[in-house]
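All values derive from a computational prediction rather than experimental measurement. Both counts, for ligands and for their atoms, begin at 1 and track the order of listing.
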Amino acid sequence: MLALGLVALLSVLWCVCSHWRDVLSGRPVGALRGVRAPLLLIAHPDDECMFFAPTILGLLQEQRPLSVLCCSTGNYYNQGEVRRKELFQSCAALGIPASNVTVIDHRNLPDSPNVHWDTHLLSDLILTHIKQKNIDLVITFDEKGISGHSNHISLYHAIRSLHDSRKLPEGCSVVVLESVNVFRKYLSVLDIPISWLFHSDILYISSKTQYRQAKDAMMCHQSQLLWFRHIYLLFSRYMAINSLHFLHGQKTEKDS
Ligand SMILES: *[C@@H]1O[C@H](CO)[C@@H](O)[C@H](O)[C@H]1NC(C)=O
Ligand SMILES: [Zn+2]
């Protein structure tokens, strides 16, 4: 009886949240005013659609020219060449042409959960790319790296050091994707009211169509589609919701 009630309650909540998603999608909170050239900075092929799809699709919907810098080929299981191709396919499915996607393949930046990438090397490579492409907004992981992968966290430290040492070009700001606790992480759309209540600088919620597009992009990563990835697709909040925060010290500049 209790279980039945719980299922009924969850179903109702799910419907309410799905409705909320339709209302809220396409209306980002705290839109990124005046951004000309945003860059998505990721560690592995599949980070873009597993974690950042709502942001990517939101930015593209706002007609912002987007580029992607991926700092490894995802070669942990020696599948680097395949995974690099999958990244280009996935980006195309999301609406980003191959010419806007760059993959770094550096022997000192291996895809590995046990390796912390060298902050100096990484930040030099990232800064060069930012300058080349005239980037004025970098989007990347926060200090917990969503899944806790040390390569994700290395990206945060690299961008943090560029930011704190004021090496980023004038007017270039940074937003990081908020890591939520494991309970919220798998609530899917049920996390919409929670994300709405907690403060974030930017909140992107995907519409049903955008969710499907993100799923199609995920399907491009054939080499990664083990059974647990399908569960992830169903329940991960990151397929539907992205909450982001400006790195401290930049927000007021941008707003003024
Ligand atoms: C790709 O990059 C170019 C050059 O920065 C830009 O004009 C274009 O809008 C970008 N495409 C997308 C889909 O973001
Ligand atoms: Zn990753």
Side-chain angles (χ1 to χ4, degrees), residues 32 34-77 79-80 82-84 86-106 109-117 122 126 129-159 169 172 176-177 179 185 204 210 213-214 216-218 220-221 223-226 228-229 232-233 236 238-239 242:
L32 296 158
V35 171
R36 287 174 294 100
L39 172 73
L40 175 66
L41 178 64
I42 56 174
H44 316 109
D46 80 9
D47 290 345
E48 80 291 355
C49 58
M50 276 185 76
F51 309 121
F52 290 96
T55 301
I56 294 175
L57 295 170
L59 287 169
L60 293 180
Q61 191 176 345
E62 294 162 12
Q63 316 269 332
R64 298 189 198 274
L66 183 61
S67 53
V68 177
L69 178 61
C70 182
C71 295
S72 83
T73 60
N75 200 36
Y76 190 58
Y77 294 107
Q79 294 174 313
V82 173
R83 296 196 62 190
R84 183 208 295 264
E86 289 172 349
L87 173 66
F88 286 108
Q89 287 163 0
S90 159
C91 285
L94 291 167
I96 308 165
S99 52
N100 293 27
V101 182
T102 309
V103 181
I104 294 175
D105 186 7
H106 194 291
L109 303 175
D111 166 18
S112 168
N114 310 315
V115 177
H116 286 276
W117 288 341
L122 191 56
I126 294 169
H129 189 83
I130 287 175
K131 286 181 174 165
Q132 259 170 16
K133 293 238 166 188
N134 266 319
I135 296 303
D136 64 353
L137 177 77
V138 179
I139 304 154
T140 194
F141 293 100
D142 70 359
E143 72 279 9
K144 293 191 188 125
I146 312 295
S147 61
H149 196 296
S150 58
N151 297 162
H152 299 174
I153 295 168
S154 298
L155 292 183
Y156 171 80
H157 286 302
I159 209 74
C172 180
V176 294
L177 182 63
S179 297
K185 191 173 174 185
Y204 281 113
Q210 288 173 328
Q213 202 178 343
D216 289 347
M218 190 75 190
C220 297
H221 293 281
S223 70
Q224 306 301 303
L225 287 176
L226 307 169
F228 57 85
R229 287 295 164 96
Y232 181 90
L233 276 178
S236 171
Y238 291 95
M239 291 301 291
N242 275 179

Fill in: Heavy-atom nearest neighbour in the protein, as seen from atom 3 (C) of ligand 1, with distance rounded to 0.1 Å
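Heavy-atom neighbour on the protein nearest atom 3 (C) of ligand 1: N100 ND2, 3.6 Å.
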
Worksheet item: How far is atom 7 (O) of ligand 1 from its nearest protein heavy atom, and which residue and atom is that?
Response: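 Residue, atom and distance for the closest contact: P65 CB, 4.2 Å.
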
Worksheet item: Between the side chains of Q79 and E86, does any donor sit under 3.5 Å from an acceptor?
Response: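 No - no donor-acceptor pair under 3.5 Å links their side chains.
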
Worksheet item: Can a donor-acceptor pair be found between the side chains of E62 and Y204 at a distance below 3.5 Å?
Response: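 Per modelled atom types, E62 and Y204 side chains form a pair under 3.5 Å.
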
Discussion item. Would L66 count as a polar contact of ligand 1, with the cut-off being nitrogen or oxygen pairs under 3.5 Å?
Written reply: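 Right, the criterion is met.
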
Item to complete: Please check if the side chain of N151 supplies one atom and the backbone of S112 the other of a donor-acceptor pair under 3.5 Å.
Response: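 Judged by distance alone, yes, a pair lies under 3.5 Å.
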
Fill in: Flag, side chain of R64 to backbone of V35, donor-acceptor distance under 3.5 Å
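Yes, the answer is positive, given that a donor and an acceptor are paired below the 3.5 Å cut-off.
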
Item to complete: Decide, counting backbone as well as side-chain atoms, whether H149 has an N, O or S atom less than 2.8 Å from the Zn ion (ligand 2).
Response: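 Of the N, O and S atoms in H149, none lies under 2.8 Å from the Zn ion (ligand 2), which means no.
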
Worksheet entry | ligand 1 contact on P97 by region, counting heavy-atom pairs under 4.0 Å |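 Answer for P97: side chain.
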
Item to complete: Using a 4.5 Å cut-off on heavy atoms from C-beta on, say whether the side chain of H44 contacts that of Y76.
Response: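 Side chain of Y76 against side chain of H44, heavy atoms only: no contact under 4.5 Å found.
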
Worksheet entry | The single option from T140, D142, D47 passing side-chain hydrogen bond (donor to acceptor under 3.5 Å, both in side chains) against H152 |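 Exactly one candidate clears the test, D47.
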
Discussion item. To 10 degrees, how wide is the angle OD1 (D47) to the Zn ion (ligand 2) to ND1 (H44)?
Written reply: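 Taking the Zn ion (ligand 2) as the apex, I get 120° for this pair.
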
Discussion item. Can you name the atoms of ligand 1, numbered from 1 with element, that are less than 4.0 Å from a heavy atom of G95?
Written reply: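 This gives 13 (C) as the contact atoms.
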
Discussion item. Under 4.0 Å and counting heavy atoms only, is there anything from the protein next to atom 5 (O) of ligand 1?
Written reply: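 Given the 4.0 Å cut-off, atom 5 (O) of ligand 1 does not count as touching protein heavy atoms.
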
